Amino acid sequence: MAANCTDYEPSRIEPLWQKYWADNNTFVAKDFDSTRPKYFAMAMYPYPSGHGLHVGHSENYTATDLLCRYKRARGFNVMQPMGWDAFGLPTEQTAVETGVHPREVTRRNVATFKRQLDAHGFGIDWTREINTTDPQYVRWTQWIFAQLFKHGLAYVDERPVWWCPALGTVLANEEIVDGKSERGSHPVERRALRQWVLRITAYAEKLLERLEGIDWPESTKAKQRNWIGKSEGAEISFAIEGLDESLTVFTTRPDTLYGATYMVVAPEHPLVAKLTSADKKAEVEAYVKAASTKSDMDRTDLAKGEKTGVFSGSYAVNPINGARIPIWIADYVLMGYGTGAIMAVPAHDERDYEFAVKFEIPIIRVIEKLDAEGHEAPLPFCVYGKLVNSGKHTGLSSAEAKKAIVADLETQGIGRLAINYKLRDWLFSRQRYWGEPFPIVWVSEADFAKASGEVKAFLPEAPITFVQDGQVQYALPVPPSQLPLKLPETDNFQPSGNGESALGRCTEWLNIWFNASTGEALPASEPRPEGAEWVRGRRETNTMPQWAGSCWYHLRYVDPNNDKALIDPKLNDYWGSPDYYIGGPEHSVLHLLYAPFWHLFLHDIGAVTVREPYPRLVHQGMVLGENGEKMSKSRGNVINPDAVIKESGADAMRLYLMFMGPLEDDKPWNTKGIEGITRFLRRLWRDIIDAEGRVSAKYSTDANESKAFRKVLNETIKKVSDDCERGRYNTAVSQMMIFMNALAKEEAVRLASIKDFLKLLAPFAPHIAEELWERLGEKPSIVDAGWPTYNEAEMVEDEVMLGILINGKPRSEVRIARDADEATALALAKADEKAQSFIEGKAVRKVVYVPGKIINLVVG
RNA sequence: GCCCCGGUGGCGGAAUGGCAGACGCAGCGGACUUAAAAUCCGCUGACCGAAAGGUCGUGUGGGUUCGAUCCCCACCCGGGGCACCA
């Protein structure tokens, strides 16, 4: 089995062992193994781009692989799966440019990625490989959508989206950088288009709560809390003079209600027209029109400039004091948050203050807080204090007043406590070809009424509709029995240019006879089948965004081939959620919010048995270029893993990636650094294997090892074990280097000692470990050789060097018995010549003795 | 503006209250070699000093402590995120 080489030649050793692992199914995880605890480790799966694997992938997956191999050595039943996040725009773009079908582009890219991953020596269980574009995977992604649809969590809305004329598609917010498309830097504009939206806001509270119990980086939890943006306050209704309607606002400061001197509604607010008086009509309409052409970004940019607004001509009544206050229309109020209307309290809100000053609206102080000199704080004063000018509530604290005022309003039925979230619903459709088709068929109202059977069973309580050319279109679900709904075959993947994807051109697929009971379908070009349940339908032309597949892939790894269910509950119970999930921090508020949303929903409907999808999350840092900058082709500082493996071997690259620094930190690549690692591996090889390729005579069963060497060996076992537990791989590698330095000095070494060391090395550099393991006479594979134990007794020395500190400063040191008592230590310290020169003529006032470390004499 | 993370030799980093700089890289000196590469051995924070040795030193300034890179307060700098969210 072993490679036929006398020198350390990774290019000969590594492919051999990779083949061995593959041939022996070494890394196929066993379901329901009750003899060992399970360990499910997952790294964020890659998007198989045409550029091949990035060295950042190498880092991420090396950390995962090493943890898996370590856990396996520690007796766990380990599962390390891998898959492909293969839908998406770059593949579609390649298809458009080259005319090669995206399926084929994906197949080629996946083949490259797989080859590259295998060349790293990763112990991936390929029997669990998943691909989000595989129809058998798409089937269950669509199944989940059908469930969301059924439970009222998917709806259609016409909303402004980023439209890129050059790309002929809408783009997601995250695909816009500085007002241009991320790909190609094309201009983008706002367009109102019919979109699918998922009601993630229904899960806002659950998504927030779950953050309490999970082991995630604090920074990511903070980002998510910020993104969800919970704020507690009240909803208050204001009567409108001369109108039957009332205007409801959300406020976090009901305690300032007496100070509300005007109101503002967003330009998109539904009451704008009714509020506008005849004499203001022209002015208001012009303002609303101007606001509608502004994007959110323009509005945000304007935040730095002056506020704008226009008086509607209407007045509202402040419910707490009956004051008549004007209603303004201004775009500093956003329709998407709260109720799209506010009560403005200029004395106690910076924005309202700025607006009131500009438009000369009264400013009334209702909160007071005196400073030490008894002076009132200047306006706007935006924190809590004591109420003034507030009728019967004057004198209350802000906290008391909030309760009292809301309670008052509540008895009149015009106020209540309310909670608001910044989180918006999730825009879930894209106008692209290469994505999951929605399992939705649009039909007329009359045909919608014919829904029965399985189709009806998957309808939400309230129908989902939209209006097209004056006709109301009704959404019917393609039920689970008819899934997957496959993409139509075409050779033109370009968006159709009218806001629809390429699917809009695939007429045979698009226009169908749809069975409103079973969900079966036939092209409309064929004769209408017999039976009243057959209706004319048009399929949804949007596809799902790339995030869809990754919302549940952690579940599919557990049960990748199940064609009866998303996941078998028994397997779900056995493997649970990933014990470890690693990926970049860039997904903090995207994938890492979307996936828990889907997972919590699936748990709520009983489709999965485990509540929390990702109990433990780790972010790896970025591998930067040698110049310390982010790697990019334009900077010319890209490190290609293939080239590194060819030059230095996978083992050296793996070790170096782990040695560079803490996993979570960004750190620059250094070509000289990997040479140092290669030197380490070559020294190890040469120490064990002599020039003829045999085990060096230095090694024997019962060699007489020095105490110092025994100490380093035991320390190394302890340190590497602890560091693997803590994820501090850089210091584990350091310790192995320390061991190597000791090994080189030692004249005779026991075989058992070097074998123990190889077990430690194996998770980091598996190929050389296997090779040496076998050459030392063991049977493959070292993967199942277990983990060494250390002996505390061999690590402690009878005598240690004790630091002598005078007034906290290190001045000398003395050799002393490890467990010497304080009196002995003090006597030795006082007798020390160097120490004496600092003590001379002074009294020792205090002694602090830390056995084995320091003795500190306080003199003076 | 708000939130989060960080700041240690020439470089990557180590040390989470006990002798700062482990380990590696780079650099310097030496051995081997006709020579170079490779390999091996030694030195390598700054300053003063011939040396012994001393002084300073973990972004800055305070504080707690016998003792602080580590804990607390204030500030400076860098990175990331959010930002008219009522």
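Each chain gets a letter, A, B and so on, in the order its sequence line appears, and its residues count up from 1. Keep in mind that this is a model prediction, so the values were computed, not measured.
Of all nucleotides present, none satisfies the Watson-Crick or G-U wobble test against B:A14 with each distance under 3.5 Å. Using N1 to N3 plus N6-O4 or O6-N4 for Watson-Crick, or N1-O2 and O6-N3 for G-U wobble, each under 3.5 Å, B:C75 pairs with B:G59. Nucleotide B:A22 forms a pair with no other nucleotide shown, judged by Watson-Crick or G-U wobble geometry with both contacts under 3.5 Å. With a 3.5 Å ceiling on both atom-pair distances, B:A37 lacks any Watson-Crick or G-U wobble partner. In this entry B:C43 has B:G27 as its Watson-Crick or G-U wobble partner, both defining distances falling under 3.5 Å.
Under the 4.0 Å criterion applied to side-chain N and carboxylate O atoms, A:K718 and A:D722 are assigned as salt-bridge partners. For A:D832 and A:K834, the salt-bridge test fails: no basic side-chain N is under 4.0 Å from an acidic carboxylate O. A salt bridge links A:E218 to A:R225: one of the charged nitrogens lies within less than 4.0 Å of a carboxylate oxygen. Between A:E354 and A:K358 there is no salt bridge, since no side-chain nitrogen of the basic residue lies less than 4.0 Å from a carboxylate oxygen of the acidic one. Of the charged side-chain nitrogens involved, none lies within less than 4.0 Å of a carboxylate oxygen, so that A:D349 and A:R253 do not count as a salt-bridged pair.
Checking the phosphate oxygens (OP1, OP2) of B:U39, a side-chain nitrogen or oxygen of A:R682 falls inside 4.0 Å. Contact between the side-chain N/O atoms of A:K846 and the OP1/OP2 oxygens of B:C66 is found at a separation under 4.0 Å. The side chain of A:R811 places an N or O atom within less than 4.0 Å of a non-bridging phosphate oxygen (OP1 or OP2) of B:U55. At the phosphate of B:A38, neither OP1 nor OP2 sits under 4.0 Å from any side-chain N or O atom of A:R679. Remark: A:R686 is not in phosphate contact with B:C40, judged by side-chain N or O atoms under 4.0 Å from OP1 or OP2. OP1 or OP2 of B:C56 lies within a sub-4.0 Å distance of a side-chain N or O belonging to A:K809.
Rounded to whole Å, the distance from CD1 on A:I806 to P on B:G67 is 14 Å.
Nucleotides of RNA chain B nearest to A:M660 and A:Q735 differ in position, and the one nearer the 5' end is that of A:M660. Nearer the 5' end of RNA chain B, as judged by each residue's closest nucleotide, is the contact made by A:I677, out of A:N807 and A:I677.
Comparing atom distances between the A:T731 side chain and each of B:A14, B:G18, B:C23 picks out B:A14 as nearest.
On a pure distance criterion of 3.5 Å, a polar donor-acceptor pair joins the side chain of A:K307 and the base of B:C84.
Taking the O4'-C1'-N9-C4 or O4'-C1'-N1-C2 dihedral as appropriate, B:G9 has a value within 90° of 0 and is therefore syn.
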